[in-house]
Amino acid sequence: MKVLAILYKGGAAAQQEPRLLGTIENQLGIREWLEKQGHEFVVTDDKEGPDSVFQKNIVDADILITTPFHPGYLTGDLVSKAKNLKLCVTAGVGSDHIDLNACVERKIQVLEVTGSNVVSVAEHVVMSILLLVRNFVPAHEMIERGDWMVSEVARNAFDLEGKVVGTIGAGRIGYRVLQRLLPFNCKELLYYDYNALPADAAKTVGVRRIDDLKDFVSQCDVITVNCPLHEGTRGLVNAELLKHVKKGAWIVNTARGAICDKDAIAAALKSGQINGYSGDVWNVQPAPKDHPWRTMKNPVGGGNGMVPHYSGTTLDAQARYASGTKTILENFFNDKPQEPANIIVGIGKYESKAYGQR
């Protein structure tokens with residue numbers, strides 16, 4: 001079979017660090033294994049436009065592997081051209097870069113390595129909350145400049161203790177965020193999710209569910225976004241919702257960039273309606289150099305904690321999602337059943353409630 005992988009360029013770092021498995025240089029560690037079985041393996045980071053390696057090779061590929069960190073966007077148009085395509089594998093978590101409805105119609109399976117990066121992302125969320133609340137970035141930039149004016153950074157630095165923190169989405173990542181927030185003695189933990197947590201799970205972390213999203217955001221000092229991107233969540237955090245956010249709240253989004261309206265977020269931060277925005281996901285990846293999230297600031301020159309999409313691709317996470325990808329391929333080649341939690345789209349139907357029509 002022909003296996004096409006869209007990975008990210010590692011450069012010198014990937015040559016020096018072989019554990020950077022998600023790169024085009026280290027190729028998930030599966031090239032030798034695939035080629036020994038007679039499969040063709042095409043690996044690239046060139047994914048934009050009709051002349052890209054991605055679009056030229058997708059027409060006769062049997063399997064597509066891509067990551068959320070440098071996604072190959074498999075549109076409905078490309079699905080129609082991919083006459084041999086049977087399986088799409090996300091080396092990581094999150095398959096919104098794939099037209100899932102088109103795959104359902106074409107009976108193309110879509111799988112991801114569920115759980116491979118949940119700890120990595122949850123830790124990044126907590127880190128991002130702290131760096132916003134403590135006004136860390138401007139303080140560090142001050143030191144780099146050679147300056148020392150404590151009042152300039154302390155005027156917008158707070159404790160996390162005593163704050164209300166809420167998660168939009170309380171699944172594998174959102175729940176782990178709640179667990180990790182317990183030692184900080186927050187005033188209250190809240191969640192908004194179409195699916196209620198089991199009573200014992202909610203009791204363990206002491207979280208309260210709120211059914212109305214506007215009511216939810218109005219109560220939170222910190223909002224963290226931990227839900228998948230689909231038709232119901234695209235643009236969920238928009239200008240209208242931001243009007244209901246408690247003034248001066250902080251927002252952390254490590255889910256998907258398109259869940260938050262980029263211009264509405266930038267405007268809300270500039271006006272001071274929100275005090276900070278942090279995360280590693282962008283509506284287009286790689287983000288354009290003029291993307292407003294790269295340079296947006298609050299009225300006192302802080303509040304931006306944006307980084308490239310790497311929360312779920314730590315070296316530990318890469319080992320997990322590379323191993324999981326190989327297992328999915330082994331099962332596919334040998335006609336063995338897949339781990340149910342990994343299946344987003346089965347044969348002609350959704351298998352996961354995280355995507356599609358609920």
Side-chain angles (χ1 to χ4, degrees), residues 118 121-137 153-227 233 236-255 259-261 264-265 268-269 271-279 281 298-300 302-306 311:
V118 292
V121 177
E123 288 184 359
H124 193 100
V125 171
V126 175
M127 177 189 72
S128 298
I129 291 171
L130 288 169
L131 72 83
L132 286 182
V133 172
R134 301 308 295 258
N135 204 25
F136 174 83
V137 174
V153 290
R155 66 176 173 175
N156 202 24
F158 300 84
D159 295 337
L160 183 55
E161 182 175 86
K163 302 297 185 294
V164 177
V165 183
T167 175
I168 298 176
R172 292 180 179 90
I173 293 173
Y175 189 75
R176 282 168 173 80
V177 170
L178 296 172
Q179 288 177 316
R180 283 155 178 78
L181 288 172
L182 283 175
F184 290 95
N185 297 319
C186 297
K187 181 179 180 180
E188 190 173 19
L189 298 178
L190 308 176
Y191 80 100
Y192 171 84
D193 198 315
Y194 77 97
N195 190 29
L197 285 168
D200 58 341
K203 184 178 179 181
T204 298
V205 294
V207 68
R208 179 167 62 93
R209 184 187 184 197
I210 297 181
D211 292 327
D212 182 81
L213 184 57
K214 291 179 180 178
D215 184 25
F216 168 83
V217 299
S218 72
Q219 297 185 48
C220 293
D221 298 298
V222 180
I223 300 163
T224 172
V225 181
N226 299 293
C227 59
T233 60
L236 184 69
V237 181
N238 53 32
E240 175 60 27
L241 185 67
L242 287 166
K243 294 176 184 176
H244 298 271
V245 169
K246 182 187 291 189
K247 186 173 175 60
W250 300 273
I251 299 175
V252 174
N253 179 13
T254 55
I259 295 172
C260 296
D261 182 292
I265 288 289
L269 186 61
S271 71
Q273 174 62 19
I274 60 174
N275 200 9
Y277 184 88
S278 182
V281 288
N298 63 25
V300 292
N304 189 331
M306 292 303 297
S311 67

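Nearest heavy atom pair, residue Arg134 against residue Phe158, reads CD-O, 2.8 Å. When all heavy atoms are compared, the tightest approach of Asp159 to Lys163 is O-NZ, 2.7 Å. Scanning both residues, Val126 and Phe184, for their nearest heavy atoms gives CG1-CE1, 4.1 Å.
Under a 3.5 Å cut-off, the side chain of Tyr191 and the backbone N or O of Leu197 do form a donor-acceptor pair. A donor-acceptor contact shorter than 3.5 Å links the side chain of Asn298 to the backbone of Asn275. A donor-acceptor contact shorter than 3.5 Å is absent between the side chain of Lys243 and the backbone of Ala239. For Asn253 (side chain) and Gly279 (main-chain N/O), no donor-acceptor pair under 3.5 Å exists by modelled atom type. Here the side chain of Gln273 pairs a donor or acceptor atom with the backbone of Val245 at under 3.5 angstrom.
Within the 4.5 Å cutoff, the side chain of Leu131 has heavy atoms near those of the Val137 side chain. Contact check for Val217 versus Ile223: side-chain heavy atoms found under the 4.5 Å cut-off. Considering only heavy atoms from C-beta on, Leu160 comes within 4.5 Å of Leu181 through its side chain. Taking the side chain as every heavy atom from C-beta outward, Thr233 and Ile168 never approach each other to under 4.5 Å. For the pair Tyr175 and Thr204, the minimum side-chain heavy-atom distance is below 4.5 Å. Using a 4.5 Å cut-off on side-chain heavy atoms (C-beta onward), Tyr192 and Ile210 make no contact.
By the 4.0 Å N-to-carboxylate-O rule, Glu123 lies too far from Arg176 to be salt-bridged with it. For the pair Arg209 and Asp193, the salt-bridge criterion is not met [side-chain N within less than 4.0 Å of a carboxylate O].
Lys247 NZ: more than 12 foreign heavy atoms inside a 6.0 Å radius.
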